[in-house]
Amino acid sequence: MLSFLIRRIAAAVPLLFGISVLVFLLMAIAPGDFLDVARTQQDIPEEYIERMEEEFALDQPWYARYASWLGNVVQGNFGESWIYRIPVADLLKQRIPATLVLSALSILFALCIAIPLGVLAAIFKDSIFDRLSSMFAYAALSIPEFFLALLAVMFAANTGLFPVGGLTSMDHEFMPFWSRMVDYAHHLVLPTLVLGMGSVASYMRIMRANFLDYIRADFVTTARAKGVGEGRVMFVHVLRNAINPLVSASGFILASLLSGSILVENVMNYPGLGQLIFEALMRQDEFVVVAAVLMGCIMLMLGNLIADLLLAWFDPRIRLDKN
Amino acid sequence: MLPFFSSTSLTCLVRQVLGAVLVLILVTVCGCQEETWSIQRSRHDLPRDAEVSESRPGHYGGVFVTAESQQPRTFHPLVAEDAYSSQVISLFLNGLTTYHPHKEKVVPELARSWDISADQRTITMYLRRGVRWSDGEPFTADDVIFTFEALFDERYPNRYQGQYTIAGQPIEFAKVDRYTVRFSTAKPYSPFLYVIGFIGILPRHILEKACESGELLQKWSVRTAMHHPEQLVGTGPFRIRSFKPGQRAILEPNPHYWRVDSKGQRLPYVNYLVNRYVQDRNTETVLFASGQIDVASIDPGDVVGVRENEKLHGYKVHHRGPASGISFIWFNQKPGTNDQGQPYVQPHKLKWFTSQEFRQALLYGFNREGLIQSVYFGRAELLHSIISPANQRWYNPDVPKYPYDPARARQVLQEQGFRLSPDGKLYDKSGNRVEFEVYASEGSSTTPQILSTFRENMKALGIKVEIRYLDFGTLVARISRHFEYEAAAMGFTGGVDPSGGRSIYLSSGRLHVWNPGQEEPQTGWEARVDELIRSSEETFDLDERVEYMHRMQQIFSEQLPLLYLLTPHAYAGVKTKWRNVQIPPMGSVIWNIDELYLDPES
């Protein structure tokens, strides 16, 4: 187990290294730089811009900037955001909780809806329910998240049932504790639905397909022949086997939720990482961009690692240590 | 059927969910009531030199909500370089002077008055006595000296260093006594009183340690505002109560603010000022039109739609007149060659671009009047000068104008030796086809419409124009560093005092876009403009300064290095329940936020 973990983490290092080089290179090739906005402001003196170019090492080639960045990273310093003038780590730390809550809730939401729906669709294969749920799945998969987010914003604005974006109400800090929790919940409903909807559909299809595979398996027939009750056959024997691919799929979901959340957060005005990364990209705030990309990669690898571990735990046939 | 998915339990579940949603709604509705926004105002003695507001006295209370499409990146005036950070900083810090948008002149802020010496190089500022910082510490000349020492400290580069360097010399400053500071400049510099107000005076007792240890610029970041807003100590009308990035800042009245009304009530009247951070201008407009915020700037295209809800949500959309910015198309007139020995502009094209008559002919041939109707539905006007008509004090209404007159355009081109071929193509004396590319930045909704009209109008003159849209960064790189372009379209936001436009007007300026950064003025008229600016900055007589600036505008409109486009009209919406609202032609709509109060009837 431990050697497996060490191997996976060791394999990640060169990957992250390569990605960081690529990000710096791409940022250097991209036209313009962080100071463009200052350059077109008439009342910012030229000396100041030159001074800033020097300070941000923008007058040097990208590999020189990369080298000094790498030197700092080795010492645990991810640099300072040029926009905010605070350490990148601090900046990301402000925003991570909001995004993690949203991601976790949408995964949870997706699983809670998708597993029962998938199972039901498999059990009642070809029924009206199965057809309807397939239709829903295809529709949900084909609607891009940002569009769904726009629809949700419109829904909220027209009905007034939900807040139009944000994470808290204006008077949030004046509320007692429980009202504040309710306020969070109220604001989280729509973003969770929007972000989770796509995963519901894909989880459901995976669940249905696997469930159908196992319904016809020999051990199911055996169990039935032995007189095990139908509910037990379905929910103990079949479900436990059918759920494995879902676990490995959720490793990728963690990363895809993060990328999906960039768009959704921007449309729904949700104060998470998405907004920050988007702004950093637009302004070419180099260290924030590279840190954000690296974090996305780490999330992806971590997600996969967790999925593998869970799989091993669920499925006694899988042994991590034997290669 | 399966036991735990029976229909009864399902209905039960649905009922529970619906119930929960209802509770949520009820809680939020109750939460929106005004009582949550009450405030305890502590009573402190008024400063000896408190300023008495000239506006009508009002009543305490109310929450004023604004939406900002960008959020502050810092709360430190020496770090801030964008308008959004400066805007929030100006709510809790004061300068020595400030610009009064209605009186159109510099008025006292932390300085109660000033003297200008006979040689006009020494300005003595008398500070308001008895003013206290928001934490109760007294404000004195030491704070002013501290601020300027930090500003000129080599360790802390900032935009003000250049602004406060006059004729190559940093301004000098010295404390005379507890409430008097003396400034001197190397040469008489009349915008001094205006620019000296830009920097918010910093509290020495809070920042001195950080300044000594070289960490001044790390202070007062967004982190400070999030976790320790009480450390953001200022003299302004408000102090930061809380700041949530991506969401909002809530400001509360500074209990030590130095302005009072004629009844002796300390300003500001509002209990809280909330800045909500939204994604873009459109969201701001939507929030305003649905009654959720108290003030918004409205684009000319949205005016009709927003006005539909005026009665329903109790607001009014006010017409502010022409916007303060200027927009234009210009030609690259940079002579010489780049590093590879290639000319920046092909020589035969440079000949056209540097011809005043060629530029004038093109502007005559451009149907800007038509654009006002088709793009802005009449809510715009022609721009004739390098200073927008919004800037009433400095704008010269009598500059040469170039109304749409295609016949005149053809005539001028013909006089300059351009020939129209039988198939309608224009050639210059040497037989080169007249054609050029215009670069513009992506993202604006009106630029493509304006430029398409330009292209069609030019086609009618026989000129082939290609329009290319570039990413903003690429455009800036091309026009300011590589000079690899023929023509470009852009705009600048307008400032109040023309000294803010030096980098455009002066031939050595960075934004003298058609030929920036000249070591010596390369044409006679550019030399004349440089001279006019120098003269205008050396005289403290306002009428004389205005006269110089009128002459400068005259030269620019004659020479036409910039083909002026249009200036759309500006609109601002404010809820009608607010009193003392005085919308100036340019600048912030709520510049007098400390004087706004809630109509007791509402």
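All values reported here derive from a predicted model rather than from experimental measurement. Residue numbers start from 1 in every chain, and the chains themselves are labelled A, B, ... in the order their sequence lines are given, proteins ahead of strands.
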Can you measure from [atom1] ([X]) to [atom2] ([Y]) and round to the nearest 0.5 angstrom?
X: Leu217(B); Y: Glu55(A); atom1: CG; atom2: CD; answer: 8.0 Å
X: His172(A); Y: Ser242(B); atom1: NE2; atom2: OG; answer: 10.0 Å
X: Leu35(A); Y: Glu81(B); atom1: CG; atom2: CD; answer: 7.0 Å
X: Ser480(B); Y: Asp36(A); atom1: OG; atom2: CG; answer: 7.0 Å

I'd like to know which of Asp90(A), Ile86(A), Thr168(A), Ile83(A) tops the heavy-atom pair count under 4.5 Å against chain B.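 Of the options given, most contacts go to Thr168(A).
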Identify which of Gln275(A), Glu173(A), Glu265(A) forms the greatest number of heavy-atom pairs closer than 4.5 Å to chain B.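 Most pairs with chain B among the choices: Glu173(A).
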Interchain contact, Val513(B) with chain A, by part (heavy-atom threshold 4.5 Å):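 Contact with chain A is absent: no heavy atom of Val513(B) under 4.5 Å.
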Is it the side chain or the backbone of Val278(B) that comes within 4.5 Å of chain A heavy atoms, both, or neither?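 Both backbone and side chain.
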Any idea which heavy atoms bring [X] and [Y] closest together, and the distance?
X: Ser221(B); Y: Tyr84(A); value: CB-O, 4.4 Å
X: Ile250(B); Y: Met170(A); value: CD1-O, 3.6 Å
X: Gly162(B); Y: Pro45(A); value: CA-CG, 3.8 Å
X: Tyr277(B); Y: Asn269(A); value: O-ND2, 3.3 Å
X: Pro87(A); Y: Arg223(B); value: CD-NH2, 3.7 Å

Heavy-atom count check: over 12 atoms from other residues, nucleotides or ligands less than 6.0 Å from Phe129(A) CZ?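 Correct, the count exceeds 12.
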For Met154(A), I'd like to know if atom CE has over 12 heavy atoms of other residues, nucleotides or ligands within 6.0 Å.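 Result for CE/Met154(A): open.
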Can you tell me how the ring of Phe174(A) sits relative to the ring of Tyr272(B), calling it parallel under 30°, perpendicular over 60° and tilted otherwise?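 It falls in the perpendicular class, over 60°.
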In terms of heavy-atom pairs under 4.5 Å, which option from [options] contacts chain A the most?
options: Leu475(B), Asp280(B), Thr493(B), Val476(B); answer: Val476(B)
options: Gly501(B), Pro245(B), Ser85(B), Ser503(B); answer: Pro245(B)
options: Gln292(B), Arg502(B), Met226(B), Arg478(B); answer: Met226(B)
options: Gln218(B), Gln163(B), Arg481(B); answer: Arg481(B)

Salt-bridge criterion met for [X] and [Y] (N-O under 4.0 Å):
X: Asp285(A); Y: Arg73(B); answer: no
X: Arg248(B); Y: Asp171(A); answer: no
X: Glu47(A); Y: Arg510(B); answer: no

Heavy-atom cut-off 4.5 Å, strictly under: side chain, backbone, both or neither for [X] against chain B?
X: Arg283(A); value: side chain
X: Arg39(A); value: both
X: Glu279(A); value: side chain
X: Leu276(A); value: neither

Heavy-atom side-chain proximity of Lys244(B) to Leu167(A) below 4.5 angstrom: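 They are not in side-chain contact.
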